[in-house]
Protein chains: 2
Amino acid sequence: MASDSRHRPVETVETAFDIVDVVKHTDGAGVTELAAELDLAKSTVHRHVKTLESRGILVREGDTYRISTWFLDYGIHVRNRHRLFDVAKPKVDELAAETDEKVWCVIEEHGMGVHIYGAEGRHSVKTHARIGQRTHLHQFAAGKAILAHLPEDRIESILDDYGLASQTERTITDREELQNNLETIREQGYAFNHEESVIGVHAVGAPIRNESGNAIGAISIAGPANRLRGDLLTDELPDLLLGATNEVEVNLAHS
Amino acid sequence: MASDSRHRPVETVETAFDIVDVVKHTDGAGVTELAAELDLAKSTVHRHVKTLESRGILVREGDTYRISTWFLDYGIHVRNRHRLFDVAKPKVDELAAETDEKVWCVIEEHGMGVHIYGAEGRHSVKTHARIGQRTHLHQFAAGKAILAHLPEDRIESILDDYGLASQTERTITDREELQNNLETIREQGYAFNHEESVIGVHAVGAPIRNESGNAIGAISIAGPANRLRGDLLTDELPDLLLGATNEVEVNLAHS
DNA sequence: GCTACTCGTTCGAATAACGGGAACAGGTTT
DNA sequence: AAACCTGTTCCCGTTATTCGAACGAGTAGC
């Protein structure tokens with residue numbers, strides 16, 4: 001981290017990815033538009049875009065370039081190769097079938113939570129989460145479950161790096177309050193989310209730990225606040241969840 | 001296409017993606033390994049890798065770099081933004097539930113077929129296909145259904161570009177034979193795959209066409225050859241499939 | 001315990017490449 | 001028909017990329 005200031009990035013590569021980013025966020029753009037947006041010469045953008053196209057990273061549709069499914073190929077590859085995915089997927093499916101709610105498998109990467117797999121129950125809410133989505137760890141149940149089970153210094157550095165941005169009015173934005181919450185989570189072994197990421201949505205999340213006890217991911221069950229409350233939320237679902245995560249941990253250790 | 005020879009790519013960007021490719025295929029690699037593999041100086045690779053890491057494209061685990069879920073994020077974004085996905089997904093799920101076989105939604109991109117969504121039936125075979133996978137159009141039912149419903153000149157240029165590589169001993173590798181097959185597909189409105197991509201697997205595929213009648217994708221039903229045969233394969237499944245694809249086409253037109 | 005190998009990292013200097021701007025070709029609008 | 005838009009091409013100057021060698025650190029060998 002201290003070497004960050006010393007490290008000078010390859011700017012040509014940065015502009016290439018800047019182009020990809022703009023193309024993604026605009027859902028397709030032309031050379032002129034990209035050049036204007038990124039303050040580059042048209043010829044420069046053109047050369048980059050042609051390079052990316054020849055690699056199959058961008059595809060051309062008339063005069064606009066779009067992100068290609070190259071990313072889907074690589075993305076799914078990443079997911080399938082992740083140690084957790086194979087083991088967790090069947091359990092996530094099971095939980096969704098048993099609870100009829102939305103169940104997510106989340107991993108930690110670079111200090112953020114990444115939703116790598118989600119299973120629908122029959123009544124599952126349309127959460128705003130999407131496969132591949134990155135969310136700040138303090139903003140949701142699975143994330144807090146992960147955060148609580150990381151080494152103390154990593155927790156500090158993550159909170160330092162990203163801060164405590166709010167998602168809803170109920171998101172925990174006070175550092176001390178979060179520390180208390182994490183302590184409770186460690187004691188209980190699971191975390192709750194009371195409308196902290198989406199108003200009207202409650203969730204329970206439990207960590208998946210490796211041999212050294214550090215969380216590498218988590219599983220969460222989410223549903224409407226008026227259905228996920230009382231004993232169901234505080235007892236039944238955590239029980240089910242812990243059963244699943246414990247099993248995943250055991251299977252992980254033997255793989 | 002003719003300008004391909006004239007176009008000189010941005011080499012720095014190429015090396016960056018070369019690095020990403022090697023990291024993907026080796027499932028994680030270090031600086032020295034990458035430098036040796038790509039015949040570059042260690043310092044060059046180091047700078048690239050640091051740049052990619054700071055962007056969150058690669059993640060570091062000890063001394064090896066891995067592909068990150070950044071790709072999953074972008075990949076799923078691409079899929080979700082595709083016009084076909086929203087409309088086709090529910091139909092694919094329906095077909096899988098009705099037939100109990102593996103059902104795929106495939107789109108055409110850059111002259112290849114990309115599997116963007118697959119639904120499992122209760123008895124579905126473990127096909128080798130994976131979300132994001134790119135396959136030559138002539139090698140499978142959905143692909144041939146697409147190929148048959150493209151403008152004549154595009155068909156020619158795709159076949160010229162990619163040739164007719166074989167996947168199994170039953171893959172169609174003769175151009176004339178393929179043309180005859182495509183003609184039959186156009187007459188019937190759907191395509192069969194008789195162990196042309198995987199031995200022991202049969203499939204039916206039907207195109208999804210836009211307003212001008214050109215295929216933009218296809219849906220296919222695949223299953224074991226000994227179950228998918230006779231009337232089921234030649235009549236029942238095509239009927240079900242065409243019902244679904246027609247509906248998708250109508251919904252597409254009104255979206 | 002020391003040595004010898006690996007790994008990632010840093011530095012400076014030379015050259016190759018990237019980026020810019022102006023001019024071109026093809027289409028569509030005014 | 002002319003004025004605009006688009007993507008595309010060219011060449012030149014300068015910068016930023018690349019290389020190779022040297023460094024620090026950690027690990028395996030004996």
Side-chain angles (χ1 to χ4, degrees), chain A residues 1-24 26-68 110 212, chain B residues 1-23 26-68 110 151 153 157 212:
Chain A
M1 295 287 163
S3 63
D4 262 23
S5 51
R6 263 267 170 277
H7 154 248
R8 225 176 355 187
V10 186
E11 290 179 30
T12 309
V13 175
E14 296 257 27
T15 62
F17 281 101
D18 284 343
I19 289 174
V20 170
D21 280 350
V22 174
V23 170
K24 180 200 175 196
T26 55
D27 271 319
V31 172
T32 312
E33 189 182 344
L34 289 167
E37 181 73 29
L38 294 166
D39 204 30
L40 294 169
K42 279 202 296 180
S43 54
T44 305
V45 173
H46 179 252
R47 216 149 87 84
H48 273 268
V49 153
K50 277 287 176 198
T51 307
L52 295 169
E53 188 197 5
S54 75
R55 279 231 160 215
I57 291 160
L58 298 182
V59 282
R60 205 184 143 164
E61 282 178 19
D63 272 355
T64 67
Y65 289 87
R66 299 185 164 277
I67 301 281
S68 88
H110 227 80
S212 26
Chain B
M1 294 287 163
S3 64
D4 262 24
S5 52
R6 264 270 170 272
H7 153 249
R8 224 175 355 185
V10 186
E11 292 180 26
T12 309
V13 175
E14 296 256 31
T15 62
F17 281 101
D18 284 344
I19 289 173
V20 170
D21 279 350
V22 174
V23 170
T26 56
D27 271 319
V31 172
T32 311
E33 190 182 343
L34 289 166
E37 181 73 30
L38 295 166
D39 204 31
L40 294 169
K42 280 202 296 179
S43 53
T44 305
V45 173
H46 179 253
R47 216 151 86 84
H48 272 271
V49 153
K50 278 287 176 200
T51 307
L52 295 169
E53 187 197 6
S54 76
R55 279 232 161 213
I57 291 160
L58 298 181
V59 283
R60 204 183 146 167
E61 281 178 19
D63 272 355
T64 68
Y65 290 87
R66 299 184 163 278
I67 301 281
S68 88
H110 226 78
D153 54 335
S157 84
S212 24

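The figures here come from the full heavy-atom set of this structure, side chains too, leaving out hydrogens, waters and symmetry mates. Values in this document were obtained by computation on a predicted structure and should not be read as measured data.
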Query raised in the report: Between the main-chain N or O of A/Val59 and the side-chain N or O of A/Ser68, is there a donor-acceptor pair closer than 3.5 Å?
Result: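 No; judged by distance alone, with no hydrogens or angles, the pair does not exist.
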Report task. Using modelled atom types only, decide if a donor and an acceptor are shared between the side chain of A/Thr12 and the backbone of B/Thr12 within a distance under 3.5 Å. Result ->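 Here the side-chain-to-backbone pair does not exist.
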Can a side chain N or O of [X] be found less than 4.0 Å away from OP1 or OP2 on [N]?
{"X": "B/Thr44", "N": "D/dC19", "result": "yes"}
{"X": "A/Arg60", "N": "D/dT8", "result": "yes"}
{"X": "B/His48", "N": "D/dT18", "result": "yes"}
{"X": "B/His46", "N": "C/dT9", "result": "yes"}

Query raised in the report: Can you list every side-chain hydrogen bond (donor to acceptor under 3.5 Å, both in side chains) pair that touches residues 56-66 of chain A, not counting sequence neighbours?
Result: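 Those involving residues 56-66 of chain A are A/Glu61-A/Arg66.
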Query - Residue pairs fulfilling side-chain hydrogen bond (donor to acceptor under 3.5 Å, both in side chains) with at least one residue in residues 27-45 of chain A, sequence neighbours excluded - result: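 Sorted pair list: A/Asp27-B/Arg81.
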As an exercise, state the distance from [atom1] of [X] to [atom2] of [Y], rounded to the nearest 0.5 Å.
{"X": "B/Leu40", "Y": "B/His48", "atom1": "CG", "atom2": "NE2", "result": "7.5 Å"}
{"X": "B/Ile19", "Y": "B/Leu38", "atom1": "CD1", "atom2": "CG", "result": "6.0 Å"}
{"X": "A/Lys50", "Y": "A/Leu58", "atom1": "NZ", "atom2": "CG", "result": "11.0 Å"}

Query - Closest approach of B/Ala35 to B/Val45 (non-hydrogen atoms, all atoms of both residues) - result: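 Result for this residue pair: CA-CG2, 3.7 Å.
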Query raised in the report: What closest approach, in Å, do A/Ser54 and A/Thr51 show between heavy atoms, and which atom pair accounts for it?
Result: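 Heavy-atom minimum between the residues: OG-O, 2.9 Å.
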Separation of atom [atom1] in [X] from atom [atom2] in [N], rounded to whole Å:
{"X": "B/Arg8", "N": "C/dC18", "atom1": "CZ", "atom2": "C1'", "value": "10 Å"}
{"X": "A/Lys50", "N": "C/dC18", "atom1": "NZ", "atom2": "P", "value": "17 Å"}
{"X": "B/Asp63", "N": "D/dA28", "atom1": "CG", "atom2": "C1'", "value": "15 Å"}
{"X": "A/Glu14", "N": "D/dA16", "atom1": "CD", "atom2": "C1'", "value": "13 Å"}
{"X": "B/Asp18", "N": "D/dT17", "atom1": "CG", "atom2": "P", "value": "17 Å"}

What does the list of N/O pairs under 3.5 Å between the protein and nucleotides 27-29 of chain C look like, with a distance for each?
none

**Report entry** Contact residues, residues 30-42 of chain B to DNA chain C [heavy atom, < 4.0 Å]
**Finding:**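 Within this stretch, B/Gly30, B/Val31, B/Thr32, B/Lys42 sit under 4.0 Å of the strand.
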Query raised in the report: Among B/Val49, B/Leu52, B/Val23, which one satisfies side chain to side chain contact (heavy atoms under 4.5 Å, CB included) with B/Ile57?
Result: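 Of all the options given, the one that passes is B/Leu52.
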Query raised in the report: Between the side-chain atoms of A/Ser43 and the base atoms of C/dG19, is any donor-acceptor pair under 3.5 Å?
Result: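 There is none.
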**Report entry** Helical bend (five base pairs per end, nearest 10°) for the helix from C/dG8-D/dC23 to C/dT30-D/dA1
**Finding:**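 End-to-end axis angle: 40°.
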Query raised in the report: Across the strands shown, which category fits B/Thr15 at heavy-atom distances under 4.0 angstrom: base, sugar-phosphate, nothing?
Result: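 Answer is sugar-phosphate: B/Thr15 comes under 4.0 Å of backbone atoms only.
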Report task. Just grab all the salt bridge (charged side-chain N to carboxylate O under 4.0 Å, His left out) pairs involving residues 9-23 of chain B, residues at least two apart or on different chains. Result ->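 Applying salt bridge (charged side-chain N to carboxylate O under 4.0 Å, His left out) to every pair that reaches into residues 9-23 of chain B, excluding sequence neighbours, yields A/Arg55-B/Glu14, A/Arg55-B/Asp18, A/Arg55-B/Asp21.
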Quick test: give all pairs of protein nitrogen or oxygen and nucleotides 12-17 of chain C nitrogen or oxygen below 3.5 Å, distance rounded to 0.1 Å.
from	atom 1	to	atom 2	distance (Å)
C/dA17	OP1	B/Glu11	OE1	3.3

